[in-house]
Amino acid sequence: MQLKLYDTLTREKRVFEPIDPKRVRMYVCGPTVYDFAHIGNARPVIVFDVLFRLLRHLYGEQHVTYVRNITDVDDKINARAAERGISIRELTEDTYKNFKDDVAALGCLEPTVEPRATEHIEEMKTLIDRLVASGHAYVAEDHVLFSVPSMQDYGRLSKRPLDDMIAGARVEVAPYKKDAMDFVLWKPSKPGEPSWPSPAGIAAEGRPGWHIECSAMSWKHLGETFDIHGGGIDLVFPHHENEIAQSRCAFHTGTMANYWMHNGFLQVEGEKMSKSLGNFVTIRESLERWPGTVLRFQMLKTHYRQPIDWTRKSTETAALELGVFENFTQFVGDRPGELPNELIDALADDLNTPLAISVLHKLAEECRKSGDPWSKAACDLKASCKFLELDLSNVSHRKIYERQHGKIDEDKIKRLVDARAVARTKRDWKESDRIRDELAAMGVVLKDSKDGTTWEIAR
RNA sequence: GGCCACGUGGCGGAGUGGUUACGCACCGGUCUGCAAAACCGGGUACGCCGGUUCAAUUCCGGCCGUGGCCUCCA
């Protein structure tokens, strides 16, 4: 088995070879903490959590370092804090806490390091000074700008030849830029905005541009060159392109990260998720209706590079499938299980989670055939679900029903079931069916067997 | 306008130059007072038009459609 990952830079699947197998290093762009995270934000978090787990499995838990940053300095943050009349620190702390809770509910491990932009201002300034010193950046009107023409092969990641970009650009070019493509490394702060002493000999205080933080934080925690850099596909340009430019030019290396991985975008009910359409789905509100496992599973049912149409129906189907797994594994307890090779192979093939899930279904099929609640297949299924962190403890129809409709009245159901049993012994089918209909209206379905009647919540 | 993806059966969704993905739904059966659940069995696919090939859903070209990036964005 060998791990293969699709690399956006080379546009091909390549065998993964870590720089140092004793210290595999991955950096993923994390949230800007100004509002509840939405289901689209959840995608990279879940996808790279699976990769993190796989890497830990392959290289050992102690040998993988996963860095996911927190962006806590940003215009949107400033605006939102002012809007809510709270301090920036309050807003970012509060939002970060919510994010942390949300992704924990989605079954994601905490990254090894979760660095904050505001705690890496010194590293950013160091990088900026280096870039200025080496002629890759310049100062203009208290800004520091990266000089894109100073880097020969700028645009390789996004496959954007410089000429084309300039021709197609619809950005208004700031007058102090030497070149239309140059981007901000540092900018002066307006009154009331967060500010720090500036680099590059600028007297006025300022704050960092967006891209420099990731170059600084990945450098600090992973070094000049590392193994994997991930994020949403929308970050390819300009964010990752600019990170590459900053890091490579600051360190005079040809490579920032050896594998660039990008997850696909997500739509909601066939439409782009946007505030104007009012179809923003936050993780928080989804978790009110569904266990995190269902959302995680729904996400993993699609390969990470494919687009996902996030629909109510697919959430329901995901819950249904997990209910089957729960059913077959409910008696396993602590019995150990093995991970099928096919499961690991599927994941090792560029994180083919849909194929991995088909392995789970095959195990479920074996459980069905064996008829033994403690079968090896059941143990393996449980272990496999655990490996993907599919927590089955909250996915039964009943638990989901209660989450959505409140606690069910068990005593009332029992009374009705008993009344129906009496009617049935009298062969009073009319009354018996009437009671069954009444229960059905409450979402309860009955199962008659030789040993009596059991009930459960309808799917 | 420039660049980049994607288009598989009713739905979701892998994959492959020739042989069953898988799941959900659906249909038939067993069971049942009738049901339900469960179990057994079943069918349907590869956007359109060309090309390459003994053979294409799979490779190449064109077209159409959808989405993304080029501005904050996962």
Side-chain angles (χ1 to χ4, degrees), chain A residues 8 11 28-32 34-35 37-48 71 74-77 79 155 157-161 163-172 181 183 210 230-241 262-267 270-275 297-298 300-309 311 313-322 324-325 327 346 349 352-362 364-365 368-369 371 397 423-424 427-430 432-433 436-437 439-440 444-450 453-456 458-459:
Chain A
T8 307
R11 314 270 159 165
V28 174
C29 290
T32 300
Y34 71 102
D35 201 351
H38 57 68
I39 203 70
N41 301 119
R43 193 171 189 186
V45 177
I46 293 171
V47 163
F48 290 105
T71 297
D74 175 89
D75 287 345
K76 289 193 292 291
I77 293 173
L157 182 70
S158 54
K159 277 194 168 175
R160 282 163 207 259
D163 306 348
D164 290 1
M165 276 188 286
I166 293 156
R170 51 180 160 105
V171 199
E172 207 173 310
M181 287 307 301
F183 58 90
W210 173 36
I233 195 162
D234 56 314
L235 296 180
V236 172
F237 189 89
H239 185 54
H240 289 166
E241 199 72 78
H262 296 96
N263 62 272
F265 239 61
L266 180 150
Q267 285 183 276
E271 289 180 311
K272 179 173 173 154
M273 187 161 49
S274 73
K275 292 242 157 79
F297 186 66
Q298 179 179 4
L300 296 178
K301 282 181 68 175
T302 301
H303 183 84
Y304 77 92
R305 283 192 279 121
Q306 293 292 116
I308 291 187
D309 187 12
T311 64
K313 193 184 168 195
S314 69
T315 312
E316 285 168 356
T317 305
L320 217 58
E321 289 178 50
L322 285 173
V324 173
F325 296 159
N327 209 21
D349 184 10
N352 193 336
T353 51
L355 191 60
I357 287 167
S358 79
V359 175
L360 302 186
H361 285 296
K362 279 175 188 153
E365 179 66 18
R368 188 173 286 126
K369 289 218 165 90
H397 306 312
R424 291 184 79 221
R427 305 185 73 80
D428 182 354
W429 308 128
K430 200 181 165 194
S432 165
D433 290 351
R436 187 168 64 197
D437 290 344
L439 283 162
V444 175
V445 293
L446 299 176
K447 298 190 284 187
D448 295 331
S449 75
K450 290 177 185 67
T453 299
T454 58
W455 60 272
E456 61 181 40
R459 308 200 303 181

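Chain A is the first sequence line, chain B the second, and so forth, proteins listed ahead of strands; every chain is numbered from 1.
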Span that lies between the [atom1] atom of [M] and that of [N], in whole angstrom:
N      : M      : atom1 : value
B/rG12 : B/rC26 : C1'   : 15 Å
B/rG67 : B/rG62 : P     : 22 Å
B/rC22 : B/rC59 : P     : 22 Å
B/rA35 : B/rG28 : P     : 12 Å
B/rU8  : B/rU66 : P     : 14 Å
B/rG68 : B/rC48 : P     : 24 Å

Pick base, sugar-phosphate or nothing for [X], based on heavy-atom distances below 4.0 Å to the nucleic acid.
X        : value
A/Leu266 : base
A/Gln267 : sugar-phosphate
A/His38  : base
A/Ser314 : nothing
A/Gly40  : base

Query raised in the report: Checking A/Arg11 side chain against A/Thr8 main chain: does a donor-acceptor pair fall under 3.5 Å?
Result: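 Confirmed, A/Arg11 side chain pairs with A/Thr8 backbone.
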Query raised in the report: Is A/Thr315 reaching over with its side chain to a backbone N or O of A/Thr311, donor-acceptor style, under 3.5 angstrom?
Result: yes
Query - Which residues share a salt bridge (Lys or Arg N to Asp or Glu O under 4.0 Å) with A/Lys313, sequence neighbours left out - result: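 Applying salt bridge (Lys or Arg N to Asp or Glu O under 4.0 Å) to A/Lys313 gives none.
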Requested in this report: Using the test salt bridge (Lys or Arg N to Asp or Glu O under 4.0 Å), find all partners of A/Glu321 that sit at least two apart in sequence or belong to another chain.
Outcome: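 A/Glu321: salt bridge (Lys or Arg N to Asp or Glu O under 4.0 Å) contacts with A/Lys301.
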Could you list all N or O pairs between the protein and nucleotides 7-11 of chain B that sit under 3.5 Å apart?
unit_1 : atom_1 : unit_2   : atom_2 : d
B/rC11 : O2'    : A/Lys313 : NZ     : 3.4

Closest to side chain of [X], choosing from [options]:
X        : options                : value
A/Phe237 : B/rC69, B/rA74, B/rA14 : B/rC69
A/Thr317 : B/rA21, B/rG13, B/rC24 : B/rC24
A/Glu321 : B/rG68, B/rG23, B/rC72 : B/rG23
A/Lys272 : B/rG68, B/rG67, B/rA74 : B/rG68

**Report entry** Ranges pairing with ranges for RNA chain B, where each run has three or more Watson-Crick or G-U pairs under 3.5 Å
**Finding:** B:1-7 with B:64-70, B:10-12 with B:22-24, B:26-30 with B:38-42, B:47-51 with B:59-63
Query raised in the report: side-chain hydrogen bond (donor to acceptor under 3.5 Å, both in side chains) with A/Gln267: which residues, sequence neighbours excluded?
Result: none
Query - Protein proximity profile, nucleotides 31-40 of chain B - base contact B, sugar-phosphate-only contact S, no contact -, cut-off 4.0 Å on heavy atoms - result: --BBBBS-SS
Query raised in the report: Is there a stack between A/Phe265 and B/rA74, judged by ring centres under 5.5 Å and planes under 30°?
Result: yes
